[in-house]
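Comments concern the structure below.
For reference, positions follow the sequence shown, starting with 1. Note that the structure is a prediction, hence the values are computed from the model and not measured.
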Amino acid sequence: MKNIKIESFFKRNTRYATKIIGFERYDIPEYPYDAVREAIINAIAHRDYEIKGTDVTFFIYDDRIEIISPGNLKFPLTLNNLEDGNSVRRNEIICNLFHHTKYMEQYGTGIERIKTKMIEHGLPAPKFELNGNFFKVILYGPGENILKLQDSVHANKIDLKKYDLNDRQYKLLEILSQNNENITNKEIWRII
């Protein structure tokens, strides 16, 4: 599997929110890459390889990502019990290979991991569909709410109150953190 190519394609075709916290800039991806990677690994590991002439597909749209895998869910899995953590491997050798190469952490945890990563990132839980003889994972994006995404950068937030700054210093930091364009010293003095 060409993990580097998948990640490169993902980064080229999705947006990033830029947040300034303190004097640090953080680029937060539109989607959590770990959730996307997990969905792709699951699609490859559990696809029905007896269906010829089709591949696992990975589509990035303006508002969502879709990963489509040939084959229905393997019995006894259904859409209703998919998130119960049951492990049903269609392709034992591929699953074992992914497990030993660290692409797949534990059997039966992938769906929950995708869901958790999406929710932690501030996005809706993934949607799962069966369309004919294909299984689809839909990861909905933030749309226009990209700046509201959650990320671990909040853990690095600096509490400026402990620095005993005056009102003008707070105002200056606010201007600098919200202004992604160049701002001149003259413009700053005019504002504060």
So L123 and P142, do their side chains get closer than 4.5 Å, heavy atoms only?
yes
In one Ile/Leu/Val/Met/Phe/Trp/Tyr side-chain cluster, 4.5 Å: F59, F9:
no
In terms of heavy-atom contacts, D62 and E30 come closest through O-OE2, 4.0 Å
Can you hop from I60 to I67 via hydrophobic side chains spaced under 4.5 Å?
yes
Any side-chain heavy atom of T54 sitting closer than 4.5 Å to one from R47?
yes
Report the distance from atom CG of N42 to atom CD1 of I114, rounding to the nearest 0.5 Å.
5.0 Å
Working to the nearest 0.5 Å, report the span between CD of E66 and CD of E129.
7.5 Å
For a quick test of reading the model, state the closest non-hydrogen atom pair linking Y49 to I44 and the distance between them.
OH-O, 2.8 Å
For N145, the side-chain contact (heavy atoms from CB on, under 4.5 Å) test, sequence neighbours excluded, returns K148
Quick check: are there more than 12 heavy atoms from other residues, nucleotides or ligands sitting under 6.0 Å from CG of D63?
yes
Looking only at non-hydrogen atoms, find the nearest pair between S69 and A43 and report the distance.
OG-O, 3.0 Å
Answer yes or no: is there a side-chain heavy-atom contact under 4.5 Å between I138 and P126?
no
Determine whether T116 and E112 satisfy the following criterion, side-chain hydrogen bond (donor to acceptor under 3.5 Å, both in side chains), listing intermediate values before the conclusion.
CA-CA 6 Å; T116 300; E112 184 58 35; 3.3 Å; yes
Side-chain (H121) to main-chain (P29) donor-acceptor, under 3.5 angstrom
yes
Hydrophobic cluster membership, with links at side-chain heavy-atom distances under 4.5 Å among I/L/V/M/F/W/Y: are Y140 and I65 in one?
no
First locate atom NE2 of H46, then atom CD1 of I41, and finally report the distance between them rounded to the nearest 0.5 Å.
10.0 Å
Hey, mind stepping through Y33 and T14 against side-chain contact (heavy atoms from CB on, under 4.5 Å) and telling me if it holds?
CA-CA 10 Å; Y33 180 69; T14 56; over 6 Å; no
In terms of the angle between their ring planes, are F128 and F135 parallel, tilted or perpendicular, with boundaries placed at 30° and 60°?
parallel
Between D55 and T57, is there a donor-acceptor pair closer than 3.5 Å when you use the side chain of the first and the backbone of the second?
no
Are L130 and V137 connected into the same hydrophobic cluster when the rule is that any two of I, L, V, M, F, W, Y join if their side-chain heavy atoms are below 4.5 Å apart?
yes
Which heavy atom of F134 sits nearest a heavy atom of P70, and at what distance?
CD2-CA, 3.6 Å
Is the side chain of Y31 donor-acceptor paired with the backbone N or O of R64 at a distance under 3.5 Å, no angle test?
yes
Reported CZ-to-CZ distance for the pair R37 and R113, which is rounded to 0.5 angstrom
7.5 Å
Rounded to the nearest 0.5 Å, how far apart are NZ of K117 and CG of L139?
13.5 Å
Minimum-distance pair of heavy atoms, taken over all atoms of G132 and N72:
O-OD1, 3.0 Å
